[in-house]
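Below: one structure, written as structure tokens.
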Amino acid sequence: MTSTRVSTMLLKASTLFADLPETTLEQIAEEAQRQTVGRGGTIAFAGETPQHLYVIVSGVAHAVVADSARNQVILSIFKAGDHFCDAELLEDSALTASVVARKCCEVVMIAKSTFKDLVARHSALSLALIRILNKRVRTADNRFGSIALKGLEARLADFLLCEAKVVDGTRVVGTHLTKRDIGRMIGASREGVSRAMKDLRTRGYLEQRGKSIVLREHIVSLAAS
């Protein structure tokens, strides 16, 4: 890991800090640290009580839990602008999952004391944090409900819709996740995901376009089935 200076522009890229005054952002930037974590490196360890809030500047990371046999479940994906360890900092609790860099990641680290002080002093940040935490809970509820109640194709469609971004009116999913990773998130094997993906392409629910997956509109009805 290497450390470099932090700019206010990096902080503004996070939805958590976007509405804070420039003077406050400058104070945070003065105290924050910026680090680079190579692919496969662990940014935060399960079982440890974090001492920093982490904001992803670039790259992709995931939160993962594993059993003694090294079977893994991916709980969430973090991309540029996302942050983690917020709830653990507020509760002084240990992480239940490790956060690992899927690609080389640049992260900004903000000390626990600084973060707690910001939450206490800035209602805009507190409200943004509440919205983000609520969204995480809804996403987790939907995902686990999907695993319990839906078939594989519906679970896959649901997952892809959640991961998609709208580009020129079209839902597009970046392929930063492998089929094994997707399986770890929707309760399926790599082989099962591969077969389901092929079937959805054949039936016109999605299209592979370079390194991206383009979703057709009627995949919404499949996800709801």
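Computation of the quantities below employed the complete heavy-atom set of this structure, encompassing side-chain atoms and omitting hydrogens, waters and symmetry-equivalent molecules.
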_Test of understanding: with side-chain contact (heavy atoms from CB on, under 4.5 Å), list the residues that count as partners of Ser76, not counting sequence neighbours._
Ala63, Phe78
Can you give me every donor-acceptor pair (side chain of residues 123-133, partner residue at least two apart or in another chain, under 3.5 Å) with its distance?
from, atom 1, to, atom 2, distance (Å)
Ser126, OG, Val119, O, 2.8
Ser126, OG, His122, O, 3.3

*Say you draw a straight line from CG of Leu89 to CZ of Phe115; how long is it, rounded to the nearest 0.5 Å?*
6.0 Å
Output side-chain donor-acceptor pairs under 3.5 Å for residues 182-197, partner residues at least two apart or in another chain, one line each.
from, atom 1, to, atom 2, distance (Å)
Arg184, NH1, Gln72, OE1, 3.3
Ser189, OG, Gly192, N, 2.9

_Heavy-atom check, side chain of Gln35 versus side chain of Glu106, under 4.5 Å_ = no
_Whether over 12 other heavy atoms sit under 6.0 Å from Lys150 NZ_ = yes
Atom pairs and distances, side-chain donor-acceptor, residues 156-168, under 3.5 Å, sequence neighbours left out:
from, atom 1, to, atom 2, distance (Å)
Glu163, OE1, Lys79, NZ, 3.4

*Write out all pairs satisfying side-chain hydrogen bond (donor to acceptor under 3.5 Å, both in side chains) with one or both partners inside residues 214-225, taking only residues at least two apart or from two chains.*
Arg171-Glu217, Glu207-Arg216
_Suppose we screen for salt bridge (Lys or Arg N to Asp or Glu O under 4.0 Å). Which residues come up paired with Lys198, at least two apart in sequence or across chains?_
none
*asked:* Assess the residue pair Thr49 and Glu88 against the criterion (side-chain hydrogen bond (donor to acceptor under 3.5 Å, both in side chains)); give the C-alpha distance rounded to whole Å, side-chain angles, the decisive distance to 0.1 Å, and a yes or no.
replied: CA-CA 7 Å; Thr49 303; Glu88 290 80 9; over 6 Å; no
_Just to verify, what does His52 make a side chain to side chain donor-acceptor pair (under 3.5 Å) with, not counting sequence neighbours?_
none
*Does a salt bridge link Arg136 with Asp86, judged by any charged N lying under 4.0 Å from a carboxylate O?*
yes
*asked:* Please enumerate all residues that pass salt bridge (Lys or Arg N to Asp or Glu O under 4.0 Å) together with Lys116, with sequence neighbours excluded.
replied: Asp92
*Output yes when a side-chain donor or acceptor of Thr139 lies under 3.5 Å from a complementary backbone atom of Lys135, and no otherwise.*
yes
*Tell me, yes or no, whether the heavy-atom count around Arg39 atom CZ, taken from other residues, nucleotides or ligands under 6.0 Å, exceeds 12.*
no
*Backbone N or O of Ala44 within a donor-acceptor pair of the Thr42 side chain at under 3.5 Å?*
no
*Return the set of residues passing salt bridge (Lys or Arg N to Asp or Glu O under 4.0 Å) with Asp117 (not counting sequence neighbours), or none when no residue passes.*
Arg121
*Name the one of Leu53, Val108, Val107 that satisfies side-chain contact (heavy atoms from CB on, under 4.5 Å) with His83?*
Leu53
_Under the salt bridge (Lys or Arg N to Asp or Glu O under 4.0 Å) test, residues paired with Glu91 that sit two or more places apart_ = none
*Supply the atom-to-atom distance Thr114 OG1 to Glu31 CD, rounded to the nearest 0.5 angstrom.*
4.0 Å
*Kindly give the heavy-atom pair with the smallest separation between Gly210 and Gln208, and that separation in Å.*
O-NE2, 3.6 Å
*For Asp199, what residues pass the side chain to side chain donor-acceptor pair (under 3.5 Å) criterion, not counting sequence neighbours?*
Arg203
_Going by side-chain contact (heavy atoms from CB on, under 4.5 Å), name the residues that satisfy it together with Ser113, two or more places apart in sequence or in a different chain._
Ala111
*Report whether Ile56 and Leu95 are members of the same hydrophobic cluster (ILVMFWY, side-chain heavy atoms less than 4.5 Å apart, transitive linking).*
no
*Which heavy atom in Ala154 sits nearest to a heavy atom in Leu222, and how many Å separate them?*
CB-O, 3.5 Å
